[in-house]
Amino acid sequence: AQKITQTQPGMFVQEKEAVTLDCTYDTSDQSYGLFWYKQPSSGEMIFLIYQGSYDEQNATEGRYSLNFQKARKSANLVISASQLGDSAMYFCAMREGWSTDKLIFGTGTRLQVFP
Amino acid sequence: NAGVTQTPKFQVLKTGQSMTLQCAQDMNHEYMSWYRQDPGMGLRLIHYSVGAGITDQGEVPNGYNVSRSTTEDFPLRLLSAAPSQTSVYFCASSLLAVSSYNSPLHFGNGTRLTVT
């Protein structure tokens, strides 16, 4: 069964520094997609970035990039130049295969950015 | 753009009461789903649907019913509320993976439910 593991319950980072949020996954399928979401204190879920298992390059979206290491089954989110507004919960999720639409989520990492 | 609309935003129920959480999307998404979010447990899938008339169970379906009579609406019904169902509930929708494999889930703003 597919599984997403986020081992960091909480992380601290100083403003303007980079931070890496860890995500490992377990799947027997060769085709899968990995997603990261941000949940600020207001509660909404915001899609950040996507990485497909066949994508040759690491995904990037502005200050967000995904460090995708397929052999290690890891898909870490890197936030560069952290801002106070980046303080939030971050969830890693996986869609296994193209015939299933279900997303399975990790337990999340709470990031706090301090001045 | 309305996106995914959930109502109500907050609800308090007594044990044994029933209620329906409403979810509607205006993006013509075939896939819709319900999650519950509990501290330390992430988001867990309750039920999902890949189109009108088609529903299936997720990871934690017990105590909940769903139906999908239209593409737009996917209500979640609590049959007999229990304190263990105190949670934040999210409705989410997306295009089907077979047509758009990188389609992310679009979430509603959530319903905070307390069962006393």
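Quick caveat: nothing in here was measured; it's all calculated off a predicted structure. Letters A, B, ... are given to chains in the order of the sequence lines, protein chains preceding strands, and every chain is numbered from 1.
Of the listed residues (Gln6(A), Met45(A), Glu44(A)), the one with the most heavy-atom contacts under 4.5 Å to chain B is Met45(A).
No continuous path of ILVMFWY side-chain contacts below 4.5 Å connects Phe10(B) to Leu13(B), so the two sit in separate hydrophobic clusters. The hydrophobic cluster containing Phe74(B) does not contain Tyr31(B), counting ILVMFWY residues as joined when their side-chain heavy atoms lie under 4.5 angstrom apart, directly or transitively. In the hydrophobic clustering of ILVMFWY residues, with side-chain heavy atoms under 4.5 Å counting as a link, Leu66(A) and Val78(A) come out apart. The cluster map of Ile, Leu, Val, Met, Phe, Trp and Tyr, joined by side-chain heavy atoms under 4.5 Å apart, puts Phe91(A) and Val88(B) in the same cluster. In the hydrophobic clustering of this structure, Met94(A) groups with Tyr64(A); members are Ile, Leu, Val, Met, Phe, Trp, Tyr whose side-chain heavy atoms approach within less than 4.5 Å, directly or through other members.
For residues 34-57 of chain B, heavy-atom neighbours of chain A at less than 4.5 Å comprise Tyr35(B), Gln37(B), Gly40(B), Met41(B), Gly42(B), Leu43(B), Leu45(B), Tyr48(B), Val50(B), sorted by residue number.
Between Asn102(B) and Phe35(A), the closest side-chain pair of non-hydrogen atoms is not below 4.5 Å. With a 4.5 Å cut-off on side-chain heavy atoms, Phe47(A) and Phe107(B) do not count as touching.
Only the side chain of Gln39(A) comes within less than 4.5 Å of a heavy atom of chain B; its backbone N, CA, C and O stay farther away.
Taking CG of Leu103(A) as the reference point, atom OG of Ser94(B) lies at 7.5 Å (rounded to 0.5 Å).
Put simply, the side chain of Arg95(A) gets close to the backbone of Ser103(B): a donor and an acceptor are under 3.5 Å apart.
For Phe12(A), the CZ atom is loosely surrounded, since the number of other residues' heavy atoms within 6.0 Å does not exceed 12. Other residues, nucleotides and ligands place more than 12 heavy atoms under 6.0 Å from the CD atom of Gln14(A). For Lys9(B), the NZ atom counts as loosely surrounded, since its 6.0 Å shell holds 12 or fewer non-hydrogen atoms of other residues, nucleotides or ligands.
Partner of Pro104(B) under the side chain to side chain contact (heavy atoms under 4.5 Å, CB included) criterion, chosen from Tyr50(A), Tyr37(A), Trp36(A): Tyr37(A).
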